[in-house]
Novice: 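Got a structure here, written out as structure tokens. Questions coming.
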Number of protein chains: 2
Amino acid sequence: MNRSYTGANLPTLRSHNAALVLDLLRTAGEAGISRLELAEGTGLTPQAVSKITARLRAEGLAAEAGRRPSTGGKPRTVLRLVPDAGYAVGLHLDRDELTGVLVDLAGTTVAVRRAPLDLGADAEVVLEAATRAVAALVLPPPGPDGPTTPGPERGLTLLGVGVAAPGPLDHGRGVLHRVTGFPQWDGFALRDVLSERLGLPVVVDKDTNAAALGLALRARPGGGSFAYLHLGTGLGSGLVLGGALYRGARTGAGEFGHQTLQLDGPPCSCGGRGCVEALCLAAVAGGDLAEAARVLGTGAANLVGLLDIDRVLLGGRVVAADEEVFVRGVEAVLADRARREGSGPAVPVAAVAGDGRAVADGAAQLVLAPVFGHADIAFPGAASGAGAAEGASGADGAAGGSGGPLGGFPAVI
Amino acid sequence: MNRSYTGANLPTLRSHNAALVLDLLRTAGEAGISRLELAEGTGLTPQAVSKITARLRAEGLAAEAGRRPSTGGKPRTVLRLVPDAGYAVGLHLDRDELTGVLVDLAGTTVAVRRAPLDLGADAEVVLEAATRAVAALVLPPPGPDGPTTPGPERGLTLLGVGVAAPGPLDHGRGVLHRVTGFPQWDGFALRDVLSERLGLPVVVDKDTNAAALGLALRARPGGGSFAYLHLGTGLGSGLVLGGALYRGARTGAGEFGHQTLQLDGPPCSCGGRGCVEALCLAAVAGGDLAEAARVLGTGAANLVGLLDIDRVLLGGRVVAADEEVFVRGVEAVLADRARREGSGPAVPVAAVAGDGRAVADGAAQLVLAPVFGHADIAFPGAASGAGAAEGASGADGAAGGSGGPLGGFPAVI
DNA sequence: CCACTTAAACAACGCTGTTGCCAAAGTGCA
DNA sequence: TGCACTTTGGCAACAGCGTTGTTTAAGTGG
């Protein structure tokens, strides 16, 4: 299984370009984009774009939507992504809560469902809760946000289910490891078991990775790198480098919490000393949020320096409770660093809005991202993507086939 | 200039596969590799490999070299890379020394040249020294390592010159920034100036990046991620993630030395406090190498945890002077960390051999790597690759055209 | 000596994006 | 009102890619 397989043939080429066009359609959103702009954006000839968009329209993934004002000649025809050509479910299995979302191809969350969850309970109980959540999200009429949205009717095309859980885990194989506090999950093949049960492709990833992926897809297209720092019961991070999610070979990347920030500092629950998490949580517990922000900022500054990233995003319950303090505190440390180096403006810091859903939304993007060619940074050694259960409700396989882009194929989704 | 241009057409496809095959030929080395093994390794059909290798042979990049023993049928024909089909010069502009190497397509260093250099001198002086080094490496008979090596005869195909210099600098544009201690270089367009002067493509990168790239190409093919930590007059690093060099958007990645390792610790020359570099160099100055290694190891552990890398490589003059102490010291810290986490064996640590040439060798690989499809992790925003001076001695452009792989095109090299 | 196996080239093919050409659909001036 | 002009985008022919089917080459083993 340790093969590279990066050779590319014509179907690969076709998928790559189709995914590229789909991604531009996606980022254009409601406004749409013309064929010539697609050609400009991809570097393909207008004629190639015409052919590709014709295929996409035939498959129901794209549609014409009005015209631009003329600039002296025939006006450009605007194309748009058809949002309900495909849906994905995102599940966030948190320690005490399950959040599920239904997201359409355009990235719009069309339904949300929350339920209490005990991640420490028996596997069967958790799986049953997940199954119920998926069923509830898919089956019923429109959803909580009313009939204004063109609610998915029965028989919608469900591309798969993305599951975000606390780490550590193996994204490639979809197996959980010893989730902190819940050792009974160690070695549980969540992806395969859930996929079998649902009859749908399932992708599993760390909660922080899912959140980062979701944020990456909402950010400006192409390039851009950022760190998502999540401060809740623990401190974790998700890394997006050059526009792609970086998981590392064993899905272990982003273990931000146990970075040593104070040599021989106070002991941490991990057994180490002076970890950011320990320092930060201690400050929070002591009520000194400014100090917590300073510690977090120092860790963030290390990240910014090491990875040369473009921005820092903050999230998690603790941050959400006092956004301003944390954003300003981290900003201050980064500004100080930028001043010392004199290398341009400081890296911007922002809090993630609507945090309660960020992880679940991102989990859905685990399924949707490959359709748009958003692969992770390739690790040929590790298996990647959703292995099990093809089809089931995959319709005519329109979007299913146009999965991986060239270079670093994820396994079929 | 901020375009993506990741659309792929047939020539792109061809280049990608050709580069892939070339890379397998390169890693096979003297032993060579058969067509069927190439097919196995690329995922292409044997017939496609036959066509591609036929082209490569026609271009003089590959040649048949013997046969394998038969396994009951026609024996496999072994193919090998033709090493002298192309050469690259690598220059390491260090603060007090210039090291130049001539490297062939197979990655063998066929000539070395060292000369004292004052990087603080006038630009003209430094450029003249660089020009002389290139001329000396290319013109004379075989070189210092005697007539055993099939020395490049006059008229060799020189693909370009890679230059490694202390950072910070902009790899994409080939412009130096304020090199620590030598502010006069700030804004100097080294790539374009040198390219104009030599009539050759030139690529500029940080010394640590070049070293890491060189090491990456020598490592096991595909995948694999590691950090190269360089402890000399300062402390820097080069990151290879998923087999590809990671520079960040502004070539700033790898600023390892000024990671805060001790909150509110002793002041550092950078203006910050508790930086790894300050702590490490202080320990070295105090003669406590074990402590220096422990500090370095703690910083390395942060890297390993954050990026989930596979191994740590150490280099630089200070390390070279006491390899054992540093390797063991860093190993100890990483082993301790692995034991706490219980997640498999500790990450291996090793010192880089022949350190005096590691950077220069890597600089040459800045030119050679794209031929084999080794692109960096893409940052569509930043211009990349060697822009200037095409041709000159580019021969029939055989290798020149087969530059970028699919996905994240570097500008033509 | 011949049957069998394996490797690799030859030939025909389907499909890709590209090029050349032309119809469609506007604007703007006479 | 009409005609020239501009711009968009489809149609058709094409070159080039990897693939498939077949044949030839070059060995082993009974």
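Residue numbers start from 1 in every chain, and the chains themselves are labelled A, B, ... in the order their sequence lines are given, proteins ahead of strands.
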Novice: With respect to the phosphate group of dG17(C), does any side-chain polar atom (N or O) of Thr45(A) fall under 4.0 Å of OP1 or OP2?
Specialist: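 Checking dG17(C) against Thr45(A), no side-chain N or O comes under 4.0 Å of OP1 or OP2.
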Novice: Please write out the pairs of protein N or O atoms and N or O atoms of nucleotides 3-7 of chain C separated by less than 3.5 Å, giving the distance to one decimal.
Specialist:
{"residue": "dT5(C)", "atom": "O2", "partner": "Gly72(B)", "partner atom": "O", "Å": "3.4"}
{"residue": "dT6(C)", "atom": "O2", "partner": "Lys74(B)", "partner atom": "N", "Å": "2.9"}
{"residue": "dA7(C)", "atom": "OP1", "partner": "Arg76(B)", "partner atom": "NE", "Å": "2.3"}
{"residue": "dA7(C)", "atom": "OP1", "partner": "Arg76(B)", "partner atom": "NH2", "Å": "2.8"}
{"residue": "dA7(C)", "atom": "O4'", "partner": "Lys74(B)", "partner atom": "O", "Å": "3.3"}

Novice: Measure from the side-chain N and O atoms of Arg218(B) to the backbone N and O of Gly107(B), and report whether any donor-acceptor pair falls under 3.5 Å.
Specialist: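 Checking the backbone N and O of Gly107(B) against the side chain of Arg218(B), a donor-acceptor pair under 3.5 Å is found.
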Novice: Which residue, Pro11(B) or Leu10(A), contacts DNA chain C at a nucleotide closer to its 5' end, judged by nearest heavy atom?
Specialist: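 Its nucleotide being nearer the 5' end, the pick is Leu10(A).
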Novice: Yes or no on side-chain contact (heavy atoms from CB on, under 4.5 Å) for Arg247(B) and Asp205(B), after CA distance, side-chain angles and deciding distance?
Specialist: CA-CA 9 Å; Arg247(B) 295 187 177 95; Asp205(B) 208 343; 2.5 Å; yes
Novice: So, OP1 or OP2 of dT16(C): does either fall under 4.0 Å of a side-chain N or O from Asn9(B)?
Specialist: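 Negative; the distance criterion is not met.
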Novice: Picking from Thr53(A), Leu38(A), Thr27(A), Val21(A), what satisfies side-chain contact (heavy atoms from CB on, under 4.5 Å) with Ile33(A)?
Specialist: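 One option only clears the test, and that one is Leu38(A).
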Novice: Would the distance check show the side chain of Thr42(B) and the main-chain N or O of Gly7(A) forming a donor-acceptor pair, the cut-off being under 3.5 Å?
Specialist: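 Here the side-chain-to-backbone pair does not exist.
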Novice: If the cut-off is 4.0 Å, is Asn17(A) near the phosphate of dT16(C), judged by side-chain N/O to OP1 or OP2?
Specialist: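 False: Asn17(A) side-chain N/O out of range (4.0 Å or more) of dT16(C) OP1/OP2.
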Novice: Test your reading of the model: is there a side-chain donor-acceptor pair from Arg191(A) to the backbone of Gly172(A), 3.5 Å cut-off?
Specialist: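 Checking the backbone N and O of Gly172(A) against the side chain of Arg191(A), a donor-acceptor pair under 3.5 Å is found.
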Novice: Of all nucleotides in DNA chain D with an atom under 4.0 Å from a non-hydrogen atom of chain A, which is the first and which the last going 5' to 3'?
Specialist: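 It runs dT6(D) to dT19(D).
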Novice: Do Asn9(B) and Thr12(B) get their side chains close enough for a donor-acceptor pair, meaning under 3.5 Å?
Specialist: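 A donor-acceptor contact under 3.5 Å links the two side chains.
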Novice: Roughly how far, to the nearest 0.5 Å, is the OG atom of Ser225(A) from the CG atom of Leu241(A)?
Specialist: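 If we round to the nearest 0.5 Å, Leu241(A):CG and Ser225(A):OG are 6.0 Å apart.
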Novice: Donor-acceptor pair, Ser15(B) side chain versus Pro11(B) backbone, under 3.5 Å?
Specialist: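 Such a contact is found between Ser15(B) side chain and Pro11(B) backbone.
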Novice: Please produce a list of atom pairs where a protein N or O lies less than 3.5 Å from an N or O of nucleotides 11-13 of chain C.
Specialist:
none

Novice: Would you compute the distance between atom NE2 of His374(B) and atom CG of Leu368(B) and round it to the nearest 0.5 angstrom?
Specialist: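 Reported to 0.5 Å precision, the distance equals 11.0 Å.
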